[in-house]
Amino acid sequence: MGLRPTPTKSEEIMKIIRVNDIAAHDGEEVTIQGWVYKRTGKGKLAFLLVRDGSGFVQCVAFKGDLDEALFDIISRIPQESSVIITGTVRKDDRAPGLPGGYELGIQSFEVIQAADEDYPMALKEHGADFALDNRHFWIRMPSQWAILRIRATIISAIREWLDDNGFILMDTPILTPAAAEGTTTLFETEYFDEGKAYLAQTGQLYNEANIFAFGKVYCFGPTFRAEKSKTRRHLTEFWMVEPEIAFCDLDELMNIEEQFVAHIVKRVLEKNRPELESLDRDISALEKVTGEFPRISYDKAVEMIKEIQAKTEDPEEKAFLEIEWGMDFGARHETVLTQQFDKPVFVYGYPTQVKAFYMEPMPGRPEACKSVDLLAPEGYGEIIGGSERMSDPDLLLQRIREHELPEEAFQWYLQLRQFGSVPHSGFGMGVERTVAWICGTDHIRETIPFPRTIKRVYP
RNA sequence: UCCUCAUUAGCUCAAUUGGCAGAGCGAGCGGCUGUUAACCGCUAGGUUCUUGGUUCGAGUCCAAGAUGAGGAGCCA
């Protein structure tokens, strides 16, 4: 507040509100503190769309009501100038904004800083490169503002549900000694005299230790993958929540996941309806995400994809949909599969060979394992990957050797199975993919404030 | 790592067969009492990604490179 050292007399009595509360102040004289998002004029009228972080509201100045010099300042104020505006709230259906429908008739107007006139982010559509180079400004635009507010609700709902259902937050390390699933996709850093350390790509193995102390736990933090993936579904730094539960089998895991996801969607519908509407999200599609989700086996899913492929005429699409039992699903497979349902769908029992080493085999079917992915509808695909973990120490050691993982680094993990091993399960949910699905965003880079991709670490 | 595409004004894009570098938005100035991507008039704004080549002449054709995007593989 260095620009405004002491409050004036009038400031001491003014009633500062936030824009998202404006409906509660109809007819009152209030003050808002924010930034000029857009300015238009019509002779003796000036319209400012002002944002204050909580919403966007139209402020109107009429030349006849104000000192001429003040009206001149208002009608010339550059976009993004920071301002403090006092005026009377009135309901008006013509008023744009978020939530909209109310406007402020300007009575006094203080400029904190008049912005430079060459603000780079014009109010129009931008290409991806320009938008990402200007991410520090892009987040001021309503679409990005709406997505990031929904992201905050999703994160809050994640913690709320887990905290209310007996899960304990256990922060797992970000600097780790070795790969959980191979070293090729890890970011590497020097670690004093201990050699290399790696940025974590999962907290799961540590959570498997934590459950034997706390029963039900979750970790929630950034995750790092150095994969050279350049798609609309990939970031190199993303946030993942990973619950882990003792005495829990695959069916119980699916029960937990569907309650968890339904709660998150419910909270967004309660808290962020104006944001969803501003994004033109099909809200009725989200309202269907309740109750039980369909559960289909990998075997059934392969059959369904084969049927869809047989009906596909486009030769390129047909080639992408080619599948045989034993193959992992690609993005196209997930897309056509989820389009068959209007809720998230569980696919369980994937082939052992395409999944991680620590998953429990299906009873009597060692070629399949007790894994389950949750695929979001409308073509969004995998948002959760989970499994029942292997509890037999001998088989686990065998798998570590088969995958040629450094046995010595997994000693502590193997010891867990020797001292009170129980059936246990867990899953990881990618926050950004979940945000993309709920917001209906077509690219994951818009779902995190400052995305990190293979080609971008600025800003 | 592989495949495909793109790069022209601050931004989004045009530019016919190789023949004068253009528009809209944004910015500045002027006009307008209800604007919603306002509208009307005027002004300013260019290393056509880089380097080399072909040609009387290259934004356009050729070669190499740079940068970015989408996708595959892998994954959340």
Side-chain angles (χ1 to χ4, degrees), chain A residues 37-49 56 58-65 71 75-76 78-80 90 92-97 100-101 103 105 115-134 137-138 142 180-182 184-185 201-204 222-242 316 319-320 327-335 350 354-356 373-376 380-386 427-437 442-445 447-448 453-456:
Chain A
Y37 177 68
K38 188 170 73 169
R39 189 195 73 228
T40 61
K42 197 158 191 304
K44 292 176 179 147
L45 275 172
F47 299 95
L48 306 181
L49 191 59
F56 293 69
Q58 175 163 276
C59 301
V60 185
F62 175 50
K63 193 170 187 177
D65 292 344
F71 182 82
S75 60
R76 290 166 185 276
Q79 183 188 358
E80 296 304 320
R90 58 183 176 237
D92 192 318
D93 291 338
R94 294 172 295 186
E103 65 183 21
D116 286 352
E117 280 158 1
D118 52 355
Y119 182 63
M121 205 101 199
L123 303 180
K124 55 175 298 199
E125 290 297 313
H126 296 284
D129 193 29
F130 179 83
L132 288 167
D133 280 343
N134 290 279
F137 293 136
W138 191 20
E181 297 157 28
T184 54
T185 65
Q201 56 179 192
T202 173
Q204 181 204 316
T223 300
F224 305 91
R225 305 262 167 107
E227 291 158 1
K228 294 191 172 180
S229 298
K230 287 181 55 178
T231 81
R232 66 184 68 207
R233 300 180 311 281
H234 287 87
L235 297 170
T236 55
E237 176 184 302
F238 64 96
W239 286 67
M240 185 158 69
V241 57
E242 295 179 279
E316 192 186 354
F320 273 119
M327 289 166 60
D328 201 1
F329 295 149
R332 299 286 176 91
H333 298 124
E334 289 184 357
T335 298
Y350 283 80
V354 303
K355 289 291 180 184
D373 286 354
L374 183 66
L375 309 182
Y380 277 91
E382 183 178 357
I383 55 171
I384 291 181
F427 66 91
M429 183 175 83
V431 168
E432 288 76 18
R433 287 187 180 177
T434 305
V435 176
W437 161 52
D442 70 351
H443 203 299
I444 196 171
R445 66 185 162 217
T447 65
I448 186 168
T453 65
I454 179 170
K455 290 290 182 188
R456 198 171 284 280

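Proteins come first, then strands; the chains are lettered A, B, ... in the order of their sequence lines, and each starts at number 1.
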Would you indicate what A:I444 reaches in the nucleic acid, counting non-hydrogen atoms under 4.0 angstrom: base, sugar-phosphate, or nothing?
-> base
Does the ring of A:F238 lie flat against the base of B:A76, closer than 5.5 Å centre to centre with planes under 30°?
-> yes
Within the structure shown, what part of the strands sits under 4.0 Å from A:L235 by heavy-atom distance: base, sugar-phosphate, or nothing?
-> base
Over how many whole Å does the gap from A:M240 atom CE to B:C75 atom C1' extend?
-> 10 Å
Starting at CD of A:E227, measure out to CD of A:Q201 and round the result to the nearest 0.5 Å.
-> 7.5 Å
Select base, sugar-phosphate, or nothing to describe what A:K38 touches, counting heavy atoms under 4.0 Å on all strands.
-> sugar-phosphate
What integer number of Å spans the P atoms of B:U67 and B:G73?
-> 26 Å
Checking all strands, does A:D92 fall into the base, sugar-phosphate, or nothing category for heavy-atom contacts under 4.0 angstrom?
-> base
Bracket string, RNA chain B, 5' to 3' - pairs by Watson-Crick or G-U geometry under 3.5 Å, | interstrand | (((((((..((((.....[..)))).(((((.......))))).....(((((..]....))))))))))))....
With respect to the side chain of A:K455, which nucleotide from B:A69, B:C74, B:A76 is positioned closest?
-> B:A69
Counting any heavy atom closer than 4.0 Å, what does A:G64 reach on the DNA or RNA strands: base, sugar-phosphate only, or nothing?
-> nothing
A:T40 side-chain proximity, nearest of B:G71, B:G68, B:U35 | B:U35
Identify whether any heavy atom of A:Y119 sits under 4.0 Å from a base atom; if not, whether one sits that close to sugar-phosphate; answer base, sugar-phosphate or nothing.
-> nothing
Minimum-distance nucleotide to A:P96 side chain [options: B:A27, B:U35, B:A72] | B:U35
Which nucleotide, B:C75, B:C29, B:A69, lies nearest any side-chain atom of A:R233?
-> B:C75
